[in-house]
2 protein chains.
Amino acid sequence: MTEISVATPQLLRRVSAGAVLDFMRASEAVTVTEVMEATGLTRATAIAVCEDLMQRGWIRELENQRAFGGYQKGRPARRFELSERAGYVLGMDVGVSKATVVVSDLRGKAIGRASQPFAEAEIPAEERIAVIDRTAMMALHGVGASPDSVLAVCAGVAAPVDRNGEVLVTQHFWGLFDVDLKAALRDRRGWTVLLENDANLAALGDRWRGAAVGVDDVVVILASERLGSGVIDGGRLLHGRGGGAGELAFLDMVEGVGDTYGIAALARTWAAVALAGKAKTSLRDFAAEGVEAEQVFAAAANGDAVARAILERLADRMARVIGAVSTIINPELVVIGGAVAKSAGVLLGPIAERLKEYTVTPARVAVSPLGDSIVTVGAVRCALDYVEKNTLDLELAVPA
Amino acid sequence: MTEISVATPQLLRRVSAGAVLDFMRASEAVTVTEVMEATGLTRATAIAVCEDLMQRGWIRELENQRAFGGYQKGRPARRFELSERAGYVLGMDVGVSKATVVVSDLRGKAIGRASQPFAEAEIPAEERIAVIDRTAMMALHGVGASPDSVLAVCAGVAAPVDRNGEVLVTQHFWGLFDVDLKAALRDRRGWTVLLENDANLAALGDRWRGAAVGVDDVVVILASERLGSGVIDGGRLLHGRGGGAGELAFLDMVEGVGDTYGIAALARTWAAVALAGKAKTSLRDFAAEGVEAEQVFAAAANGDAVARAILERLADRMARVIGAVSTIINPELVVIGGAVAKSAGVLLGPIAERLKEYTVTPARVAVSPLGDSIVTVGAVRCALDYVEKNTLDLELAVPA
DNA sequence: GAGTGTTTATTTGGAATCTAAATTTAGTTC
DNA sequence: GAACTAAATTTAGATTCCAAATAAACACTC
């Protein structure tokens, strides 16, 4: 599509086509009459737009119209449908120890997935990129999709990313390498790569298909190993100056902790301490070392006193964090996400109870059902957002 | 202007007119050629649009073109200019004890002002409205403007206001009366009234004409009597679910304070405590009661030890607040605003020094030059934003 | 002061896009 | 097969844009 700088008559078609496309994304097969009703366009225009979009490859016309619908009379309507396989998007979760890639069609259906570990935590940048690229190619190959058909890629990383997708502050492992993933994948595959903070993607993901569906003001806390959060206000992600919005490290100043550990990390640590100290009681069921967070939750469920004390402590800590967030951000809902979320349900009650002590505007608290795929789900959503916003500027590999 | 639901040819003119208007708002008298260069439109279209806007009354054509510019050759260009007096906006600061109203032209120039005290803190709603209305009429009368020429009104109140301008949570004095200012002024005067939290308006104001010009990620703390803040991220105000975003009451959980006092309130209180306790030393210059915050700042400047200790304490407290904000919101700049701002400059150094202890992403800190007019300045900006966004849907009282 | 050059205003023609209304097409119902 | 229905297509008219040509107003030079 040609670029449009000022208001030219072509802008109209652009607007109309966007409206029709939006409607089709939200529907199954549709008739022209339905398009007219949804968009307010006249029949002539609606048909012209549909034909336009067909030629570009974004939608297709169905055969066998008779097979559809329960209508009886009159000339049978043509039916159009989003060509959900006209292209694909990739959602990536680039963690410390592994890379995960999800292939999604244009309706957001995940149709492929691949995951590959990094050999070690501190491998060189190009090797890291090679692993990521290989994982992406594996995932694409698994669904028989060509790299040319990838319309956008979104990658989540555990570093602050500003709203332009730049990693400014070097932090954690990422800064050590400063892998320029955007340039690398653009050069190798010609892909458009969007970078985003993993907690921010978790927020997008959970708002799309998690506990926060339909909620415009929500904070999603990735709470397993470290605490980080993605903040959505009025449906928009908060970034801050350098992408650092949503950091929760101010807990340090309350408890003097050196870093912001998440639920799983703390459960493990506190359990290990309790075992080492050989306090009066229990945690009998655990091996003396290598205690896993899930074991602590399980023991608490079985009535183990020490484990329950740990959960109490966890709940209080989370209530403090959520209380502070509730006060300053005032979300409607706070979601606890990440791998630990499936266990964290038992914390909801205690957290809600204590929350009132720490804020006068307590948010609802929930756990995300998305588990550890919360970041890739968000990455897919982010890539789809880009594609949906830029559809009419994108060219498909196979238009006709 | 007729409402447009779908993409009709009139939409084009709308877009073009908007672009021309935006350019004219940012310029003095302009020629058609300048409009062409700024908007990309052709001469014919630019002229048509200008004539359109003239007919609606938003711009005017200048006589005596010869008088302008340093150009020499060719046919003299017609010159157009924003009709900055085509209508007015009102910016209101509705405080606990008084109401202030500023009249502004369409270029944002304050041309009138009036202020009226409320007889007592707890007067009935209708009386409160009557005072506000009377203040507005006084301000308008002062500049010879008719109520019909008011295009929008924005009022700042010390209560949470959500992004739709609704006061949800009843809080402080406001909730006691629940004055429905929007409906009252609409019914009485036919005005469109936008409600907004006072700290949010302070943020808009300071970003417009204060210390935060050009900064997209900024937090403005109204810090005189109570602490409240307005958060702007990516140029957009944060509201949260019920308009409560920007509350800073989580300090409570650090120091066990019952409410969130601001700088002036604390300076006064701590000074009074020091005097009552008759500690070892000084504050000699103050009367034993009725200590004012400014006196504390003045005494500190003169080397008074107790006063300096109070400032140290204030700086530490502010550093904690700003530290927490810096971490979770990550703004580029934090501005201290309100009446106390002019004295608070001496705190900037100590605050910046301590800030590093409380966050790893410290923001720059500044004081606002807007003093206690920061809220009305923001209210004017907010009302202008509304007018500028809706210009083509508004009708002027005197078009031709 | 007549000729030349520059800049702007105005007019004309053409293209894209929308709406609205009339006409054709393809099927159902009786 | 005639009447009816709903969708598709065609045609006409309006709006708005761009592009190019023409006209006007002024300055500068000789």
Side-chain angles (χ1 to χ4, degrees), chain A residues 1-21 29-56 61-80 392, chain B residues 1-21 29-56 61-80 392:
Chain A
M1 189 130 191
T2 50
E3 288 296 320
I4 293 176
S5 55
V6 292
T8 151
Q10 288 83 344
L11 177 65
L12 290 181
R13 173 53 57 91
R14 219 183 148 76
V15 173
S16 300
V20 171
L21 217 33
V30 297
T31 65
V32 174
T33 305
E34 285 162 355
V35 170
M36 290 168 60
E37 283 164 1
T39 62
L41 298 169
T42 51
R43 169 157 262 119
T45 307
I47 290 177
V49 168
C50 285
E51 231 120 59
D52 237 49
L53 290 173
M54 268 216 293
Q55 232 220 316
R56 290 171 196 276
E61 186 169 1
L62 297 180
E63 311 294 331
N64 293 328
Q65 294 94 324
R66 284 293 94 185
F68 290 93
Y71 72 100
Q72 313 283 340
K73 311 169 190 171
R75 177 170 172 175
R78 298 165 71 181
R79 285 175 168 258
F80 300 91
L392 298 175
Chain B
M1 190 127 189
T2 50
E3 288 294 321
I4 293 176
S5 55
V6 292
T8 152
Q10 287 81 347
L11 176 66
L12 290 182
R13 174 52 57 93
R14 218 182 150 76
V15 172
S16 300
V20 171
L21 217 34
V30 297
T31 65
V32 174
T33 305
E34 287 163 353
V35 171
M36 291 167 60
E37 282 163 2
T39 63
L41 297 170
T42 48
R43 169 156 261 117
T45 308
I47 291 176
V49 169
C50 286
E51 231 120 60
D52 236 49
L53 290 173
M54 269 215 295
Q55 232 220 315
R56 290 171 196 276
E61 185 169 0
L62 297 180
E63 312 294 331
N64 294 329
Q65 295 95 324
R66 283 294 94 185
F68 288 93
Y71 72 106
Q72 311 283 339
K73 312 170 188 172
R75 177 169 171 175
R78 297 166 71 181
R79 284 176 168 259
F80 300 92
L392 299 175

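Below, each value reflects all heavy atoms present in this structure, side chains not excepted, and no hydrogens, waters or symmetry copies. Bear in mind the structure is a predicted one, so any value in this text is a computation, not a measurement. Numbered from 1 within each chain, the chains take letters A, B, ... in sequence-line order.
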Find the distance A/Met36:CE to D/dT9:P and express it as a whole number of Å. 13 Å

With a 4.0 Å cutoff (strictly under), does any side-chain N or O of A/Arg75 reach OP1 or OP2 of D/dT5? no

Between C1' of C/dA22 and CZ of A/Arg43, the distance in whole Å: 14 Å

Would you say that A/Val35 contacts A/Arg43 through its side chain, given a criterion of any heavy-atom pair below 4.5 Å between the two side chains? no

Of A/Phe80 and A/Pro9, whose nearest nucleotide on DNA chain D comes first from the 5' end? A/Phe80

Separation of D/dA7 atom C1' from A/Glu51 atom CD, nearest Å, is 14 Å

Integer-rounded Å distance: D/dC18 C1' and B/Arg13 CZ: 13 Å

Is any side-chain nitrogen or oxygen of A/Arg78 closer than 4.0 Å to OP1 or OP2 of D/dT9? yes

Rounded to the Å, how far apart are B/Leu11 CG and C/dT19 C1'? 15 Å

Hey, does B/Met36 have a side-chain heavy atom less than 4.5 Å from the side chain of B/Leu41? no

Heavy atoms under 4.0 Å, any strand shown: does A/Ser16 hit a base, just sugar-phosphate, or nothing? sugar-phosphate

Bending between helix ends of the helix from C/dG1-D/dC30 to C/dC30-D/dG1 [5 pairs per end, 10° resolution]: 10°

Among the nucleotides D/dC18, C/dA9, D/dT10, whichever has the atom closest to the side chain of B/Thr42 is D/dC18

Taking all non-hydrogen atoms of both residues, which atom of A/Ala17 and which atom of A/Val49 are closest, and how far apart? CA-CG1, 3.7 Å

Strictly below 4.0 Å: does A/Thr8 bring a side-chain N or O up to OP1 or OP2 of D/dC18? no

Sub-4.5 Å side-chain heavy-atom contact between B/Arg14 and B/Leu11: yes

Between P of D/dA19 and CD of A/Gln10, the distance in whole Å: 11 Å

Shortest non-hydrogen contact from B/Ala46 to B/Val32? CB-CG1, 3.8 Å

Would you say B/Leu392 and B/Leu53 make side-chain contact, with heavy atoms under 4.5 Å? yes

Choosing from D/dT16, C/dT17, D/dA7, which nucleotide comes nearest the side chain of B/Leu12? D/dT16

Remember a base hit wins even if backbone is also touched, and classify B/Thr31 as base, sugar-phosphate or nothing at under 4.0 Å, heavy atoms. nothing

Please confirm whether the backbone N or O of B/Glu34 pairs with a side-chain atom of B/Thr31, one donor and one acceptor, at under 3.5 Å? yes

Measuring from the side chain of B/Ala44 (C-beta onward, heavy atoms only), which nucleotide among C/dT11, D/dT16, C/dT8 has the closest atom? C/dT11

If you define the side chain from C-beta out and look only at heavy atoms, does anything of B/Leu62 sit under 4.5 Å from B/Val30? no

Whole-Å distance, B/Leu41 CG to D/dT15 P, equals 19 Å

Which part of the nucleic acid, if any, lies within contact of B/Ile47, taking any heavy atom under 4.0 Å across all strands shown: a base, the sugar-phosphate backbone alone, or nothing? base

In whole Å, what is the span from the CZ atom of A/Arg14 to the P atom of D/dC17? 17 Å

